[in-house]
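We use all heavy atoms of the structure for the numbers below, so side chains are in, but hydrogens, waters and symmetry mates are not.
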Amino acid sequence: MPFPTPLNQERLNYPMQYGIIFLTDLLVCANISHDIQGDTSEHFTSSSSNNSCFLCLSNRQSHTNQPRQVRKEVTNSPIFTALFPFLRWFHLVSKDSLKADFIAGLTGAVIVLPQGVAFATIAGLPPEYGLYTAMVTPIIAALFGSSYHLVSGPTTAISIVVFSAISHHAEPGTPEFIYQVLTLTFLAGLYQLAFGLARLGALVNFVSHTVVIGFTAGAAILIVTSQMKHILGVFVPKGESFLHTWYDIYVAAGDINIYLVVIALATLASAMLTKRFFPRAPNLLVGMIVGSLLAMLFGRHTDTIQLVGEIPAHLPPLSSPIFSFQTIKMLAPEAFAVALLGLIEAVSISRAVATKSNQRIDANQEFIGQGLSNIFGSFFSSYAGSGSFTRSGLNYEAGARTPLSAIFAAVLLMGIVLLIAPLTAYLPIAAMGGIILLVAYNLIDFHHIKDVFKMSRSETVILLTTFLATLFLELEFAIYLGVLISLLFFLAKTSTPHIPTLAIDGDISSSRRKLMPIDEKPLKQCPQLKIIRIDMSVYFGSINHIQNRISSIVESERIYHILIVGSGINFIDMAGAEALASENNRLKKMNGGIYFVGLKPSVYEFIAKVNLVRNIGGDHFFDRKTVAIKEIKKKLDDSVCKECNALIFKECW
């Protein structure tokens with residue numbers, strides 16, 4: 001049955017961003033009709049059940065303008081936006097944004113064409129699989145992620161991890177290798193989706209970005225190493241380690257093919273010069289063209305120049321991972337490493353771009369977007385992908401306004417591949433090697449590496465450990481090791497909170513006296529009351545350090561009354577509460593105790609729930625320092641006070 005005239009006319013006037021309205025109409029129709037029945041029950045009583053849906057909309061529209069408002073309320077509801085997160089930015093789409101996103105998407109499509117081929121080569125896959133990944137994953141990640149500018153797809157770091165993980169189980173390029181890569185991608189997507197649904201996005205905050213810097217630098221060296229046999233034309237057995245590969249190259253130095261070296265260097269130089277003098281031009285594509293022309297020229301003199309071969313000119317075909325228990329069990333550990341690296345990359349890159357665009361990133365939603373893109377991609381001949389810093393940064397610089405730019409890039413890439421795929425038959429593998437050399441060089445973040453060496457000793461250890469582990473150990477283990485060391489340094493830092501000793505600064509008659517750390521200014525202290533401040537949370541990792549500090553005060557200074565300023569304590573866990581109660585009991589036997597002032601409401605609420613307040617005593621907790629000192633002064637030994645010369649409290653006079 002056709003829509004009534006008022007609804008048809010209104011729908012014709014909707015802007016483009018309401019293309020999804022029809023589904024929304026059906027979802028909210030019952031709600032609208034329920035509202036209207038309160039006013040026009042007689043009309044709806046006489047209406048048929050089949051027609052009431054459209055009649056309620058028509059009738060409501062003829063009297064008020066509420067359908068749009070109801071529709072907007074539903075599409076902005078938490079449940080609806082959780083299922084369709086792209087609705088959060090869909091209202092930003094306009095004629096101007098479409099134009100800007102299309103131009104940015106076209107730029108991205110041209111850039112990703114040579115990158116996709118190069119990354120697939122690094123992963124040990126046929127070149128078209130890199131392009132398939134660049135066609136599928138950006139669309140899903142854009143629709144279900146949170147960043148407006150992040151462009152997902154194949155990346156160098158993940159490509160080399162994929163190659164390292166699967167090459168142990170199958171010969172690169174074979175059907176078995178491809179099926180296992182698809183299975184690895186599916187499992188990595190499941191991990192990522194599970195992390196997102198479990199709201200574990202904050203975990204990325206505990207992994208130092210230095211891990212990624214060290215890993216990508218090491219991966220860059222490995223990538224260069226893997227391409228030397230194609231650039232030099234020497235034989236290197238498959239599966240050789242980093243050091244063995246360079247030893248084989250040294251032994252075979254006399255067999256270097258000068259034609260291949262010239263092609264690779266010319267490709268590399270032309271790409272770099274294009275980037276230098278024509279920054280907006282697709283420099284990698286220009287380099288490939290130069291390398292192909294040289295190969296055609298040298299082909300008259302030698303038959304040793306191998307070509308990449310023609311890429312199939314069709315869209316991503318359907319595929320299926322292997323769901324056997326044995327395969328899943330075998331690939332699950334490697335898939336976890338791929339998932340972890342992909343999440344770190346995606347969230348780090350999206351946040352880096354967001355600092356320029358002033359957008360807030362939802363890490364949990366980003367996890368979900370990356371997970372769904374990999375799961376979906378595994379059924380469309382795509383391997384594991386993540387956010388690309390190069391393409392994401394270029395996307396922002398090109399003026400993209402919404403995630404539609406990433407979708408445009410993927411769709412335009414499909415068209416480009418259908419048109420120019422046969423031309424890859426003229427692309428020499430040596431030229432591809434030259435392009436990959438440039439990609440590897442750009443992976444090394446020299447600026448941040450220099451800053452790390454200069455600024456932080458602990459970060460330097462993390463960087464060097466991850467870098468060396470990448471070169472000499474399994475890649476997935478290198479990721480785990482870097483993350484583990486990063487977490488160990490974090491825990492080591494939080495487990496030793498700064499606990500300064502405080503004393504009162506200011507004349508006794510002044511009304512503006514305050515507590516100040518004695519290491520900043522030499523001040524008199526009370527011989528019976530120690531005032532300290534804990535500048536970090538009291539939890540299972542830090543309680544040993546705090547207990548040692550209290551024991552040092554008791555044993556070295558013979559002070560049994562300790563006032564803790566709690567303004568810097570963000571939380572106290574169960575272990576911390578139990579340890580503080582134990583310390584108070586120990587001091588109580590010495591006629592002393594632990595007192596607290598200035599605890600945050602959330603902290604006080606928790607320790608009240610776990611009975612710390614009751615165990616220690618409510619008279620040990622204060623809101624103001626003046627009240628705390630006044631009450632604690634009553635519990636001090638008067639005989640000591642009579643002989644004291646410090647007299648730092650007003651109560652001492």
Does any donor atom in the side chain of T501 or R549 lie under 3.5 Å from an acceptor atom in the other side chain? yes

Classify the ring geometry between F622 and Y595 as parallel (under 30°), tilted (30 to 60°) or perpendicular (over 60°). tilted

Of L464, L463, T460, which is the lone residue that meets side-chain contact (heavy atoms from CB on, under 4.5 Å) with I449? L463

Backbone of I160 reached by a side-chain donor or acceptor of S164 within 3.5 Å: no

Check this for me, if you would: do D535 and R533 make a salt bridge, where the nitrogen-to-carboxylate-oxygen distance has to be below 4.0 angstrom? yes

Closest non-hydrogen contact found for P333 with Y480 is O-OH, 2.7 Å

With a 4.5 Å heavy-atom cut-off, do V538 and I543 have their side chains touching? yes

Student check: side-chain heavy atoms of P154 and Y383 closer than 4.5 Å: yes

Heavy atoms only: give me the nearest V162-A384 pair and the separation to one decimal. CG2-CB, 4.4 Å

Decide if atom CZ of F477 counts as having more than 12 heavy atoms of other residues, nucleotides or ligands within a radius under 6.0 Å. no

Quick one: CD on E555 to CD1 on I553, what's the gap to the nearest 0.5 Å? 11.0 Å

Backbone N/O of S537 and side chain of S542: donor-acceptor pair under 3.5 Å: yes

D623 atom CG, over 12 foreign heavy atoms within 6.0 Å: no

Centroid-to-centroid, F186 to F323, below 6.0 Å? yes

Shortest non-hydrogen contact between I518 and A503, atoms and distance: CG2-CB, 3.8 Å

Verdict with reasoning, L563 to I632, per side-chain contact (heavy atoms from CB on, under 4.5 Å): CA-CA 9 Å; L563 174 61; I632 297 172; 4.0 Å; yes

Value for CD1 (I559) from CG (L587), rounded to nearest 0.5 Å, stands at 11.0 Å

Do T470 side-chain atoms and T466 backbone N/O form a donor-acceptor pair below 3.5 Å? yes

Distance-only, no hydrogens or angles: does the N584 side chain make a donor-acceptor pair with backbone N or O of L580 under 3.5 Å? no

Verdict with supporting geometry, L599 and I607, side-chain contact (heavy atoms from CB on, under 4.5 Å): CA-CA 10 Å; L599 288 174; I607 61 175; 3.7 Å; yes

Check whether any side-chain heavy atom of M330 sits under 4.5 Å from a side-chain heavy atom of Q326, and report yes or no. no

Verdict with reasoning, H620 to I594, per side-chain contact (heavy atoms from CB on, under 4.5 Å): CA-CA 7 Å; H620 284 235; I594 294 179; 5.5 Å; no

What's the separation between atom CG in L612 and atom CZ in R614, rounded to the nearest 0.5 Å? 11.0 Å

For atom NZ of K625, is the number of surrounding heavy atoms from other residues, nucleotides or ligands below 6.0 Å larger than 12? no

What residue among Q365, E366, Q370 forms side-chain contact (heavy atoms from CB on, under 4.5 Å) with I368? Q365

Answer yes if the side chains of R586 and S551 hold a donor-acceptor pair under 3.5 Å, and no otherwise. yes

In terms of side-chain heavy atoms, does H168 have a donor or acceptor partner in E334 at a distance below 3.5 Å? no

What distance separates S324 OG from I322 CD1, expressed to the nearest 0.5 Å? 6.0 Å

Would you please classify the geometry between the F596 ring and the F621 ring as parallel, tilted or perpendicular, with 30° and 60° separating the classes? parallel

Reported NZ-to-CD1 distance for the pair K524 and I648, which is rounded to 0.5 angstrom: 9.5 Å

Applying side-chain contact (heavy atoms from CB on, under 4.5 Å) to S357 and H149, what does each step give before you reach the verdict? CA-CA 9 Å; S357 62; H149 300 97; 3.6 Å; yes

Here the gap from L184 atom CG to I158 atom CD1, rounded to the nearest 0.5 Å, amounts to 10.0 Å

Would you say the side-chain atoms of S159 pair up with the backbone N or O of T155, donor to acceptor, closer than 3.5 Å? yes

What's the verdict on salt bridge (Lys or Arg N to Asp or Glu O under 4.0 Å) for D619 and K635, showing C-alpha distance, side-chain angles and the deciding distance? CA-CA 12 Å; D619 58 341; K635 302 179 181 181; 3.4 Å; yes

I need the minimum non-hydrogen distance between V353 and S392, along with the two atoms involved. CG2-CB, 4.3 Å

